[in-house]
Amino acid sequence: MSAKTILIIGGGVIGLSIAYYAMRAGYHVTIVERGAPDHDACSLGNAGMIVPSHFVPLAAPSIVAYGLRAMWNPESPFYIRPRLSRDLLDWGWKFMRAATAAWVDRAAPLLRDLSLASRRCFVELADEWGNTFSLVQKGSLMLCKTEHALHEESGTVERANRLGVPAQVLTPEETARLEPNLTMDIAGAVYFPKDCHLSPQHFVAELTRLLMDGSAQFHWRTEVVGWRAHERRIESVRTDKGALQADEYVIAGGAWSPRIAHGLRAYLPMQAGKGYSLTLRHPKQMPEICAILAEARVAVTPMPLDSALRFGGTMEIAGLDESINSARVRGIINAVPQYLPAFAPGDFRDVPVWRGLRPVSPDGLPYVGRLRSYNNLSVATGHAMLGLSLGPVTGELMAQVLSGAQPAIDMMLLDPDRFV
Ligand SMILES: Cc1cc2nc3c(=O)[nH]c(=O)nc-3n(C[C@H](O)[C@H](O)[C@H](O)COP(=O)(O)OP(=O)(O)OC[C@H]3O[C@@H](n4cnc5c(N)ncnc54)[C@H](O)[C@@H]3O)c2cc1C
């Protein structure tokens with residue numbers, strides 16, 4: 001009997017990871033991507049952090065409190081553009097309902113398990129591929145400018161240790177000993193030794209190359225525009241280049257996934273969370289450990305393969321709008337010298353601004369698994385700030401789902417029909 005054919009929509013880190021693990025499991029894989037082979041997507045210019053430390057879902061009381069404070073400042077890292085949109089109101093209502101302490105307690109162990117399993121996959125892939133994407137296993141630092149932030153982060157440390165994610169509060173001197181290459185003006189830091197970082201563009205390029213060199217088939221510059229379904233079965237997917245058929249279909253279109261699923265019996269509440277990054281080539285100082293500037297919510301990631309240092313941040317809920325909001329970008333640039341005084345806003349002059357749309361579900365967990373209304377349709381999206389971190393584990397789990405095997409991690413909370 002010939003192997004099942006799997007058609008995956010979306011060539012971001014999620015779609016490619018599913019394709020990679022499904023190919024390894026022996027399936028015939030086809031990837032349909034509306035962009036060219038060198039297309040940009042959220043998966044490329046992100047901060048490259050692999051973060052078991054991020055076990056608190058986005059839908060949390062602390063995020064609601066922070067968001068309400070930050071919303072009124074045009075340079076703040078969090079913003080919801082007010083719009084008369086039914087989807088936004090529906091998403092906002094679901095977000096507020098989900099953001100409870102009880103939900104954080106339920107979701108945190110799952111996020112921890114997913115992140116640690118994905119970290120294990122990254123280590124295995126780095127070993128197998130010769131670390132072509134420069135995985136650095138040195139942890140991450142949450143740099144706090146103020147005592148107040150350090151005190152707040154200390155609460156996370158206790159919780160992290162209780163969950164089995166090692167974390168430690170450091171004085172400025174201890175932080176400097178750990179990261180001697182960087183001048184820091186901080187009240188202290190939290191160190192998460194299990195976090196890692198990598199070059200996302202090299203990881204995505206390597207996945208694509210291995211798939212192309214293997215048995216996978218790519219349909220580049222091909223946009224999915226609709227579906228043909230009969231009762232509980234998807235018969236084909238319609239694209240702007242004609243219909244394509246497979247045994248199984250997986251929607252992994254990032255922030256565009258609800259649009260791709262239009263016309264199907266599927267309900268995937270989602271907002272695009274726009275973020276920006278700026279990458280300095282040959283920066284004045286090159287840290288070894290990735291960091292987050294805590295109050296400013298700016299990620300700082302060394303990318304040694306390109307002798308580059310990337311600064312990324314902001315979460316702007318403004319629809320599927322890819323325009324660049326210069327006030328938010330200024331917020332990132334102005335925050336950097338407050339923590340890292342060797343850098344100045346002038347360092348970012350003429351540095352191109354990258355933007356990406358994160359797929360953000362209202363409860364802070366991705367949608368991964370089969371849709372109930374069809375026998376041969378699955379979804380893997382909504383990973384928000386964790387899409388790179390959770391790419392490989394999503395690929396591994398989806399390969400298990402597609403084979404009918406019992407997934408290694410309980411996926412009940414990831415059910416893509418949970419809001420139906
Ligand atoms: C500033 C910033 C920093 C970040 N930092 C991190 C980090 O440090 N760690 C981390 O884990 N995550 C991080 N993220 C989040 C992460 O980048 C995303 O969660 C992840 O890239 C989502 O991947 P995806 O494959 O779901 O979506 P995408 O990368 O957006 O891929 C979706 C693909 O689907 C294609 N597509 C859409 N519609 C169609 C269609 N109709 N037909 C065919 N193809 C279609 C698109 O062209 C695209 O290539 C960051 C994000 C931002 C913005």
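Both counts, for ligands and for their atoms, begin at 1 and track the order of listing.
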Compare all side-chain heavy atoms of [X] with those of [Y] and state whether any distance is below 4.5 angstrom.
{"X": "N181", "Y": "E288", "answer": "yes"}
{"X": "V51", "Y": "F192", "answer": "no"}
{"X": "Y374", "Y": "L264", "answer": "yes"}

Protein contact of [atom] - nearest heavy atom, named by residue and atom, plus distance:
{"atom": "atom 2 (C) of ligand 1", "value": "R358 NH2, 3.5 Å"}
{"atom": "atom 23 (O) of ligand 1", "value": "S43 OG, 3.2 Å"}
{"atom": "atom 24 (P) of ligand 1", "value": "I14 CG1, 3.8 Å"}
{"atom": "atom 3 (C) of ligand 1", "value": "A47 N, 3.5 Å"}
{"atom": "atom 11 (O) of ligand 1", "value": "S389 N, 2.6 Å"}
{"atom": "atom 10 (C) of ligand 1", "value": "M385 O, 3.1 Å"}
{"atom": "atom 27 (O) of ligand 1", "value": "G254 CA, 3.5 Å"}
{"atom": "atom 31 (O) of ligand 1", "value": "G12 CA, 3.4 Å"}

Any heavy atom of [X] sitting closer than 4.0 Å to ligand 1?
{"X": "A255", "value": "no"}
{"X": "T222", "value": "yes"}
{"X": "G312", "value": "no"}

Using a 4.0 Å cutoff against the non-hydrogen atoms of [X], which atoms of ligand 1 qualify?
{"X": "G48", "value": "7 (C), 8 (O)"}
{"X": "V13", "value": "23 (O), 25 (O)"}
{"X": "G10", "value": "33 (C), 34 (O), 35 (C)"}
{"X": "M49", "value": "7 (C), 8 (O), 9 (N), 10 (C), 11 (O)"}
{"X": "W256", "value": "30 (O), 37 (C), 38 (N)"}
{"X": "Y276", "value": "1 (C)"}
{"X": "H39", "value": "49 (O)"}
{"X": "G275", "value": "1 (C), 53 (C)"}

Just distances here: any N/O of [X] and N/O of ligand 1 closer than 3.5 Å?
{"X": "G15", "value": "no"}
{"X": "E33", "value": "yes"}
{"X": "L388", "value": "yes"}
{"X": "K274", "value": "no"}
{"X": "D40", "value": "no"}
{"X": "P359", "value": "no"}
{"X": "W354", "value": "no"}
{"X": "S277", "value": "no"}
{"X": "C42", "value": "yes"}
{"X": "V224", "value": "yes"}

Which atom of [X] lies closest to which atom of [Y], heavy atoms considered:
{"X": "S140", "Y": "Y191", "answer": "O-CD1, 3.3 Å"}
{"X": "E235", "Y": "Y249", "answer": "O-OH, 3.1 Å"}
{"X": "A255", "Y": "L320", "answer": "O-CD2, 3.7 Å"}
{"X": "N46", "Y": "W354", "answer": "N-CH2, 3.8 Å"}

Can you check whether [Y]'s main-chain N or O pairs, donor with acceptor, with [X]'s side chain at less than 3.5 Å?
{"X": "S236", "Y": "L244", "answer": "no"}
{"X": "E179", "Y": "I289", "answer": "yes"}
{"X": "R112", "Y": "F55", "answer": "no"}

Per-residue contact class, A384 against ligand 1 - non-hydrogen pairs under 4.0 Å: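 Within the 4.0 Å criterion, A384 contacts ligand 1 through backbone atoms alone.
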Region of V32 that comes within reach of ligand 1 [heavy atoms, distance under 4.0 Å]: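 It is the backbone that touches ligand 1; the side chain stays farther off.
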Can you find a side-chain donor-acceptor pair between [X] and [Y] that sits under 3.5 Å?
{"X": "T394", "Y": "H383", "result": "yes"}
{"X": "D247", "Y": "H28", "result": "no"}
{"X": "T183", "Y": "Q285", "result": "yes"}
{"X": "R233", "Y": "N375", "result": "no"}

Identify whether the distance between the nearest side-chain nitrogen and carboxylate oxygen of [X] and [Y] falls below 4.0 Å.
{"X": "D321", "Y": "R355", "answer": "no"}
{"X": "D213", "Y": "R209", "answer": "yes"}
{"X": "D240", "Y": "R34", "answer": "no"}

Heavy-atom proximity to atom 14 (N) of ligand 1, best of L16, T301, T381, N46: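 Nearest heavy atom to atom 14 (N) of ligand 1 lies in N46.
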Whether over 12 other heavy atoms sit under 6.0 Å from R120 CZ: yes
